[in-house]
Each structure stands twice: as C-alpha cells, then as structure tokens.
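Okay, so here's the structure we're looking at.
Here the structure is a predicted model, which is why all the values come from computation and not from measurement.
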Amino acid sequence: MTLTLAAAEKILADNFAPWVLDLGLAVVSVEGQEAVLRLPWSDRLAREGGGLSGQALMAAADTATVIAVATARGGFVPMTTVQQSISFQRAVVGADVLVRARLTKAGKRMAFADITMTAEGTDETAAHATAVYALLG
C-alpha cells in the first residue's frame with residue numbers, strides 16, 4: 001500500500017503534540033522508505049545569533065522519521081523513539097530546511113533511520129541525525 005501525500009499530512013496532523021505542529025512542518029514527498037518534510041524558517045525558532053535552533057531541528061528529524069516509517073508501512077503504526085543522535089554541521093539562517101528521513105532497516109519491531117537536513121537551495125548538510133524506533137503495533 002502506497003502512502004499518499006494527503007495521508008502523510010493527515011498522520012502529521014493527527015499524531016503529534018500541538019507544539020510540534022507549531023513548527024509548521026509540511027510533507028514534501030513520500031516514497032518507498034523515505035519521507036521529506038519542510039521546516040519553514042521562523043524567527044521564533046532561531047537561537048541567539050540568528051541560526052535555527054537545534055531543538056527545532058531535532059524535533060523535525062524525529063517527526064520526519066515517523067512519517068518515513070508510516071511510508072514504509074503504508075500507514076501509521078504506534079511507535080516510539082528509542083534513540084536519536086544529531087550532529088550540527090552549519091547554521092541555517094533565514095531559509096527553510098528540507099528534512100530527508102530514509103529508513104536503513106525496517107523490521108517487524110524496530111526501524112533504523114538516517115536523516116539529512118539541508119537549507120533549501122543548497123546541497124550542503126546543515127545537520128545529520130540517526131534514529132532508532134520501536135514499532136509497537
């Protein structure tokens with residue numbers, strides 16, 4: 001079963017805390033075992049110095065991974081984050097961020113993801129994360 005963009009947007013709207021929804025994330029694409037979300041630039045998400053905060057990037061990476069798992073499964077299943085690690089490589093200032101979550105392994109009970117975040121209009125990595133999820137359903 002293929003997950004549509006509309007179904008992915010509904011998963012986003014129905015399964016996340018209000019503060020995560022306040023980030024304004026939008027699903028750009030879903031295919032195979034990958035999801036791409038857009039984190040729109042907002043001064044509210046900037047830290048001292050004007051760069052996008054690490055907290056916003058971590059939340060976006062976590063959220064994109066949920067959508068990638070749902071894409072691979074053909075729909076939402078209960079899951080929880082087991083581990084997430086992130087490396088910040090360059091500041092993002094005044095630009096939307098594309099968050100690409102790709103599952104590297106999707107088993108029955110666990111999923112492993114590689115997440116790359118780039119400022120829109122560049123191929124240079126702003127942040128790179130990995131995540132492990134327990135699939136509960």
Side-chain angles (χ1 to χ4, degrees):
M1 179 168 145
T2 302
L3 193 70
T4 65
L5 280 177
E9 284 285 353
K10 183 159 178 40
I11 289 167
L12 184 61
D14 292 349
N15 294 285
F16 291 90
W19 71 267
V20 175
L21 299 177
D22 287 347
L23 294 172
L25 290 162
V27 181
V28 174
S29 66
V30 289
E31 185 176 341
Q33 297 192 58
E34 183 176 281
V36 178
L37 276 61
R38 176 187 309 279
L39 174 61
W41 171 260
S42 169
D43 288 334
R44 290 187 64 224
L45 301 178
R47 59 175 170 69
E48 183 180 343
L52 192 63
S53 73
Q55 294 90 339
L57 289 169
M58 287 205 66
D62 192 65
T63 305
T65 303
V66 171
I67 302 301
V69 171
T71 299
R73 290 289 185 102
F76 182 79
V77 296
M79 65 186 92
T80 189
T81 310
V82 173
Q83 180 275 331
Q84 184 178 12
S85 177
I86 193 165
S87 297
F88 302 104
Q89 299 179 12
R90 64 180 31 83
V92 176
V93 179
D96 291 358
V97 176
L98 296 177
V99 184
R100 181 178 310 275
R102 180 182 54 84
L103 300 185
T104 58
K105 181 175 183 331
K108 290 185 177 190
R109 295 283 177 217
M110 302 291 286
F112 299 80
D114 186 78
I115 307 102
T116 304
M117 291 158 269
T118 57
E120 189 170 35
T122 180
D123 290 331
E124 295 178 345
T125 301
H128 175 258
T130 59
V132 179
Y133 271 72
L135 308 178
L136 307 173

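Minimum interatomic distance between Leu21 and Ala13 (heavy atoms only, all atoms of both residues): CD1-O, 3.8 Å. Across all their heavy atoms, Val93 and Gly51 have their closest contact at CG2-CA, 3.9 Å. Residues Leu3 and Ala8 come closest through the heavy atom pair CD2-CB, 4.0 Å. In plain terms, the two heavy atoms of Glu31 and Thr71 that are nearest each other are N-CG2, 3.7 Å. For Ala91 against Arg47, the heavy-atom pair with the smallest separation is CB-NH2, 4.1 Å. Contact between Ala101 and Ile115 at its shortest, heavy atoms only, is CB-CG1, 4.0 Å.
No donor-acceptor pair under 3.5 Å is formed between the side chain of Arg109 and the backbone N or O of Ala134. Listed for the Glu34 side chain is no donor-acceptor partner under 3.5 Å among the backbone atoms of Arg100. Proximity of a side-chain donor or acceptor of Tyr133 to a complementary backbone N or O of Ala106 within less than 3.5 Å is not detected.
Looking at Ile67, Val28, Val97 one by one, the single match for side chain to side chain contact (heavy atoms under 4.5 Å, CB included) with Leu37 turns out to be Ile67. With respect to Phe88, the side chain to side chain contact (heavy atoms under 4.5 Å, CB included) criterion is satisfied by exactly one of Met58, His128, Met117: Met58.
With rounding to the nearest 0.5 angstrom, the CD atom of Gln33 is 12.5 Å from the CG atom of Asp114. Interatomic distance, CE of Met110 versus NZ of Lys105, reported as 9.5 Å (0.5 Å rounding). To the nearest 0.5 Å, atom CD of residue Gln55 and atom CD1 of residue Ile86 are 10.0 Å apart. Note that the OG1 atom of Thr63 and the CD1 atom of Ile11 stand 12.5 Å from one another [nearest 0.5 Å]. The CG atom of Leu57 lies 4.5 Å from the CG atom of Leu52; values are rounded to the nearest 0.5 Å.
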Next on the checklist: As a quick check of understanding, evaluate side chain to side chain contact (heavy atoms under 4.5 Å, CB included) for Gln83 and Thr130, giving each step before the final call.
Outcome noted: CA-CA 8 Å; Gln83 180 275 331; Thr130 59; 4.2 Å; yes

Next on the checklist: I'd like to know whether Val77 forms a side chain to side chain contact (heavy atoms under 4.5 Å, CB included) with Leu136, so could you lay out the CA-CA distance, the side-chain angles of the two residues, the decisive distance to 0.1 Å, and finally the verdict.
Outcome noted: CA-CA 7 Å; Val77 296; Leu136 307 173; over 6 Å; no

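For Asp14, the salt bridge (charged side-chain N to carboxylate O under 4.0 Å, His left out) partners are Lys10, not counting sequence neighbours. Residues passing the salt bridge (charged side-chain N to carboxylate O under 4.0 Å, His left out) test with Glu120, sequence neighbours excluded: Arg38. For Glu48, there are no salt bridge (charged side-chain N to carboxylate O under 4.0 Å, His left out) partners, not counting sequence neighbours.
Hydrophobic clustering places Val99 together with Leu5 (ILVMFWY residues linked when any side-chain heavy atoms are closer than 4.5 Å, directly or through intermediates). Hydrophobic clustering keeps Val36 apart from Val92 (ILVMFWY residues linked when any side-chain heavy atoms are closer than 4.5 Å, directly or through intermediates). Note on Val66: it does not cluster hydrophobically with Leu98, by side-chain heavy-atom contacts below 4.5 Å among ILVMFWY residues.
Two residues are said to be in side-chain contact when any heavy atoms from C-beta on lie closer than 4.5 Å; Val20 and Asp62 fail this criterion. Side-chain contact between Val69 and Leu103: present, with at least one pair of heavy atoms (C-beta onward) separated by less than 4.5 Å. The closest side-chain heavy-atom distance from Gln84 to Thr65 is not below 4.5 Å.
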